[in-house]
Amino acid sequence: MKVLFFFACLLVAASSSPSPRNALTCEICVDIVTDFDNWLTSDKTEAEIVDYIKQLCHTLGQIIAGFEATCNFLIESQLPGIIDDLVNSNLDPLTVCTSGALAGSCP
């Protein structure tokens with residue numbers, strides 16, 4: 001469920017305008033990225049994570065007509081950067097939401 005919330009945050013951040021966000025958007029982003037970071041570091045490979053998220057895209061595509069392709073595009077373009085920021089660059093969630101892969105989610 002936390003991954004679904006992360007995915008929702010990713011969609012909002014990736015599909016919205018580049019203007020700075022408010023404190024609530026920032027708090028939500030940080031909470032979700034924190035949960036995702038904890039899940040991510042529990043012995044998951046990047047391929048396993050991408051496959052799981054793509055399954056979520058498929059499920060959401062069944063609910064929202066035509067959404068699966070958009071979802072997959074966002075995952076392919078944004079998720080590797082988020083994983084890299086959290087794992088390889090050892091960035092904290094606030095940094096990811098401020099200047100990392102989800103830049104602009106925080107003011």
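What you see is a predicted model, and the numbers here were worked out from it, not measured in a lab.
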### Query
What is the distance from atom CG of L74 to atom CZ of F67, rounded to the nearest 0.5 Å?
7.0 Å

### Task
Just grab all the salt bridge (Lys or Arg N to Asp or Glu O under 4.0 Å) pairs involving residues 60-74, residues at least two apart or on different chains.
none

### Message
Working to the nearest 0.5 angstrom, can you tell me the gap between C71 SG and I64 CD1?
### Response
9.0 Å

### Query
Got a sec, which residues hit side chain to side chain contact (heavy atoms under 4.5 Å, CB included) with L24, two or more places apart in sequence or on another chain?
N22, I28

### Message
Among residues at least two apart in sequence or on other chains, which ones pass side chain to side chain donor-acceptor pair (under 3.5 Å) with Q55?
### Response
none

### Query
Which pairs pass salt bridge (Lys or Arg N to Asp or Glu O under 4.0 Å) with one or both residues in residues 49-65, sequence neighbours excluded?
K54-E76

### Message
Tell me every residue that passes side chain to side chain contact (heavy atoms under 4.5 Å, CB included) with E48, counting only those two or more places apart in sequence or in another chain.
### Response
K44, T45

### Summary
Across all chains, not counting sequence neighbours, the side chain to side chain contact (heavy atoms under 4.5 Å, CB included) partners of L94 are C26, V30, D92, T98, C106

